[in-house]
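One structure below.
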Amino acid sequence: MAKILKEKIFEGPTIEVAKNLLGKYLVRKYKGRIISGKITEVEAYDGPKDKASHASRGLTKRNFPMFGPAGQWYVYFTYGLHWMLNIVTGKKGYPAAILIRGVEGINGPARVTKFFHIDGKFNGKSADKKNALWIEDRGLKISNEIKRTPRIGVQYAGPLWSRRRYRFLLKQK
DNA sequence: ACGATGATGAAC
DNA sequence: TTCATCATCGTA
């Protein structure tokens, strides 16, 4: 029943992909064991004009995976403490990614990476079994349980981009 | 409300 | 080479 999400899925419009990721499962193989959880919260960072995106200042040593093909991980270190996990979207050359901010029972992007044992070694790797970190569809229907809000912690991007409702969450039942 | 803690990017 | 900033979290 479980279907691994492939590169093609991630190429589509970033906002659509972000909504589609809700209810899918993040899966990690770690020391011979499987860790998995339902994705409940994501944020889209879409294109070079998005002032809240790392890509707004062009290609850099840090953000290069965002400019690469869809379906790869963009993992970066921030605040001197935390790893952030993103899945790259859009065609090669178009910088976009989706930050995975929460899975069921784990809220906050830094807690997600801690729980799944994710660090910089996944940066630029493709989301598949070979790399022990992937996303799968377990046939869960989520239909109209999606809530939209502005993104968290991006005030610096100015009113236009910080107010944009690029954060998507599964509503509580 | 704020400190932890270090990489990043821009300025000098 | 120096500096402010940062897609956060835990404690207060």
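The basis for the numbers below is simple: all heavy atoms, side chains too, and nothing from hydrogens, waters or symmetry mates. By convention in this document, chain letters (A, B, ...) are assigned in the order of the sequence lines, proteins followed by strands, and residues within each chain are numbered from 1.
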- Take atom CG of A:L99 and atom P of C:dC9, then tell me their distance rounded to the nearest Å. 10 Å
- Heavy-atom side-chain contact between A:P109 and A:L85 under 4.5 Å: no
- Task: Check the distance between B:dT8's C1' and A:Y74's OH and give it to me in whole angstrom.
- Result: 10 Å
- When you check the gap from the basic side-chain N to the acidic O, do A:D46 and A:R164 get nearer than 4.0 Å? no
- What interatomic distance, in whole Å, is found between P of C:dA4 and the corresponding atom of B:dG3? 15 Å
- Query: So do the side chains of A:F64 and A:L59 get within less than 4.5 Å of each other, counting heavy atoms only?
  - Reply: yes
- P gap between C:dT5 and B:dC2, integer Å: 16 Å
- Task: Between A:K114 and A:Y156, name the one whose nearest nucleotide on DNA chain C is closer to the 5' end.
- Result: A:Y156
- Identify the heavy atoms of A:S36 and A:V27 that sit nearest to each other, and give their distance. CB-CG2, 4.0 Å
- Message: Taking only side-chain N and O atoms of A:R57, does any of them lie within less than 4.0 angstrom of OP1 or OP2 on B:dT8?
- Response: no
- Does a nitrogen or oxygen in the side chain of A:H54 sit under 4.0 Å from OP1 or OP2 of B:dT8? no
- Check whether any side-chain N or O of A:T78 sits under 4.0 Å from OP1 or OP2 of C:dT8, and answer yes or no. no
- Rounded to whole Å, CG of A:N86 lies from P of C:dT8 at a distance of 11 Å
- Across all strands shown, which nucleotide pairs with C:dT11 by Watson-Crick or G-U wobble geometry, both distances under 3.5 Å? B:dA1
- Query: Given atom CZ of A:R111 and atom P of C:dC9, what is their separation to the nearest angstrom?
  - Reply: 7 Å
- A:F77 CZ to C:dA7 C1', straight-line distance once rounded to whole Å: 15 Å
- Item | Below 4.0 Å: OP1/OP2 of B:dG9 and any side-chain N or O of A:R62 | yes
- Would A:R148 count as a cation-pi partner of A:F168, with NZ or CZ less than 6.0 Å from the six-membered ring centre and within 45° of the ring normal? no
- Rounded interatomic separation in angstrom, taking CG from A:N63 and C1' from B:dA7: 14 Å
- For A:R164 and C:dA7, give me the distance from atom CZ to atom P, rounded to whole Å. 18 Å
- Task: Quick one: label A:A52 by what it contacts on the DNA or RNA (base, sugar-phosphate, nothing), any heavy atom closer than 4.0 Å.
- Result: base
- Report the distance from atom OH of A:Y76 to atom C1' of C:dT8, rounded to the nearest whole Å. 9 Å
